[in-house]
Structure formats: structure tokens, C-alpha cells
Number of protein chains: 2
Amino acid sequence: MARTQGSHSDITGPRIRKAALGLFARHGYAAVSMRQIAGEVGVQAGALYNYTPDKQSLLFRLMHEHMQELLSAYDDLDQSEDASEALRQFVGFHIRFHLERPDEVFIAYMELRNLTPENFTEIEALRRRYEDALEAILRTGQAARVFDIADTKIATLAVIAMLNGVMTWFRSGGRLSLDEVEQVYWDMVRRSVSA
Amino acid sequence: MARTQGSHSDITGPRIRKAALGLFARHGYAAVSMRQIAGEVGVQAGALYNYTPDKQSLLFRLMHEHMQELLSAYDDLDQSEDASEALRQFVGFHIRFHLERPDEVFIAYMELRNLTPENFTEIEALRRRYEDALEAILRTGQAARVFDIADTKIATLAVIAMLNGVMTWFRSGGRLSLDEVEQVYWDMVRRSVSA
DNA sequence: GTTCTATCTGAACATACGTTCAGATACGGT
DNA sequence: ACCGTATCTGAACGTATGTTCAGATAGAAC
């Protein structure tokens, strides 16, 4: 029996990507088979190929869409002219955006090595654009002497690394609320770059 | 022909682990086959099983040895009583130890999900011991009012995450020397926790 | 009510996987 | 010079992989 009841392209496509997202995040791209993904959707493996040309494209699409959403969500912020305030906005945005999408973030960063070289280059360029946004803030603050940073490039990476650390331990409903976490991290980031 | 010239257990064993280390780091545990590892050593796949009961044990041993070395190297430091100085020591030790072992570090952190539950528990306990060492420093400094930290547990994880970020970009022979890198990170860490 | 087509099944393809093991070989000890 | 054994080969095992495709079916269009 094919074309089971209530099946539609608009439904199956997203369901496949959602299943792949969860499985890739939990077990890793290489360790997940197309049959597992299909099984989670309730479909045979062959049906996946109505929605993706191959497994690699499935991974790439997940990562690409995530990075696009990250950048466009960040662009939607109307950033403060004040560097210190802009940095505070960045910290809050980064923590909240990433905590809302643990699987996407995990994949976008753990599965880079499983991308083909061309796909890797493309994702890397998007990641770079995001880093540049933070570096611009740090440079502005440095020029205005509100920050005192030895090396803005390193500081950019250090701040992002520090913020990403929150993903390894934060569980909603845990000891601290999101607001508290944001406050704690902002305190540390602010002091680490302040004049 | 078996038992080729100059082959010995003392030589092949380490060579297998070295090959596995590099391949796991580059392509990921799940994406690397026993035949690839054997090929890099110049041996047939079956020969690997003279040195490891299975693929999982190979991964576990690499991670376990790495964590043991980390802890014993840290224990060899004679730590300062002064919390600020102890933190400086920790930052320097962490950066140098980890930059000397990029592959080991990468694996110990990316391949956790490919460990069996029992193996995972064991590695996690070792990692926890290392984190506790840093937290002890932060607590001491907090008690002595030389640090001003909202939450020592979070600060511990934030500092380690920040320091680990150095591994994503540092290349020896690059723009900055190891000493300069250490100085830059120490500046940021110190300020992020200082009173 | 018939036709048309998007969607899915089920089976097959070639290839790869981790692991085992009988047999071959080269070195260390005598 | 010979033996014993640690070490490795080469082939095989069953299973799994990504991908393809002819055929079946269900809903949309008329």
C-alpha cells in the first residue's frame, strides 16, 4: 500500500527534517541511517528521496537553514549605538536563540566535518558573518575606550566560546532561570572586556 | 605472509592507537572503519584485534588515557595558596596542555556520545574531577574576597568553555605566540571573575 | 465515475561494516 | 639447526549501508 491516508508533501518533508535533526543531534550524522530516519517518520527509506537528493543534502539543509535563521534573527534586532549596550543585547540574544534550538546548534557545530568541502565552505562563511557582527561591537567599544581588549579577534572567539558553554549544562526548569543565566553571563562578559 | 619484518607488539600497539586517534579526530568515530585504521598502520583489519577487543574499547582507551594524563599532569603542579595566582596557573596549564594534544582533546569531547553508557560514566567522572579542581580555586578566591563571582559552578564551566575556544583557532606559528595567547586569555579570565 | 499524478512501498543493487579464525610466517630461545 | 609462539594474513561471516526504481495506491480534477 502506497500513498497512505493523510500523507502530503507539505507534511512529510518537515517531519523528515525534524526526525533527522533529532537523530543527528543524538547519535551523530555518520551513525544515523536513512532507515532510522524513515522509521521515525513512519515511512520506508526510499520515500525520503522524494524530499532530499541524498543524505548529505539533508544535513546541509539543516545546518544552512539554522545559520540563515540565526543571521536574520540577529539582523532583526535594532542594535544600540552604545557598544556596551550592544554587547549586552548580543549576549542576551545569543543565549536565548541558542538555548531555544539545542539540536540545531549541536549539529551546526559538531557535524561540520561531515560536510563536503563545498558545503563546509558555505556554512563556514555564514558562521563568519555572525562572528564579525560581534567583533564589530567590540571594535566600536574599543575605539570609544569603553572596552579594553588586547585582541578583538581573539576576544570575539573567546566570548562566543564562553557563551556556547551554556548549552552544555543548562536545562530549563533547573536551578537557574533563563533571566538569571543571562545576567550571570553578561556580568562575566562585560567585565572580561571592560576598561 | 604474516609476521612481516621488524613487527612487534610494542610497536604495532601504539601505532594503531596513534592512527585511530588521528582518524577519529578528523572524521569522527562512527565514520572511521577498522580497515582504514589498519590501512594506516600497514596491516590487515584482523590484526587490530590482537590489540583491542573491539572498536569501542579502542575509543575508550584513547579517551581514558587522555583524561588520566590531564589529571596527573595537573596534580604534578604545586599550586599556589593564593587564589589569583592559582587561577593564573590553571589558565596557563589548561591552554598549554590542551594545545599540545589537539586530537586527544577533540575526541575526548566530541565522541562522548559514541561511548557505551558505562564507559561514558567513567569518562564523565574524570572530567568532573578536573572541573572540580577549578571550582575549588574559584571558591577559595571567593571566600577571600579576591574574586566576585555570582555562581562558582557556572563560572567554572564558563571559564573552561572560554579556554577551550582557543583550540578552534590557534595554530602554532600563527599571528600570536603561545605566551601571548596565554596572556590574552589570562587577562580576560582574571577580569571576568575579579572583585 | 473515470483519469491522472503525486506519493509511497517493497524489493533489489552493489558495497561496506565489525568481527572471527584457521593457517602462514618470522623471530627469540635453545 | 630446530622448535615454539607471538604476530599477521586472507578469507569469510552475517548484517547494514545509501540509493534506485518499477509498481501500487489514494486523493484531486473534471
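To find a chain, count down the sequence lines: A is the first, B the second, and so on, and within it residues start at 1.
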Starting at [atom1] of [X] and ending at [atom2] of [N], how long is that distance when rounded to a whole Å?
X      : N      : atom1 : atom2 : value
A/I16  : C/dT7  : CD1   : C1'   : 11 Å
B/L48  : C/dT20 : CG    : P     : 12 Å
B/N50  : C/dT20 : CG    : C1'   : 12 Å
A/N114 : D/dG18 : CG    : C1'   : 15 Å
A/Q44  : D/dG18 : CD    : P     : 14 Å

- Hey, is A/R190 close enough to A/E182 for a salt bridge, meaning N to O under 4.0 Å? no
- Whether each nucleotide of nucleotides 12-19 of chain C has a protein heavy atom under 4.0 Å at its base (B), only at its sugar-phosphate (S) or at neither (-) is summarised, 5' to 3', as B----BBB
- Message: Going by side-chain hydrogen bond (donor to acceptor under 3.5 Å, both in side chains), name the pairs with one or both residues in residues 137-147 of chain B, residues two or more places apart or in two chains.
- Response: B/E135-B/R139
- Item | Any B/T12 side-chain N or O less than 4.0 Å from OP1/OP2 of D/dC8 | yes
- Item | N or O in side chain of B/Y51 less than 4.0 angstrom from D/dT7 OP1/OP2 | no
Applying side chain to side chain contact (heavy atoms under 4.5 Å, CB included), can you list everything that pairs with [X], at least two apart in sequence or on another chain?
X      : answer
A/A133 : A/Y74
A/A19  : A/I37, A/E40, A/V41
B/N50  : none

- Item | Set of residues satisfying ring-ring contact (aromatic ring centres under 6.0 Å, His included) with respect to A/H98, sequence neighbours excluded | A/H94
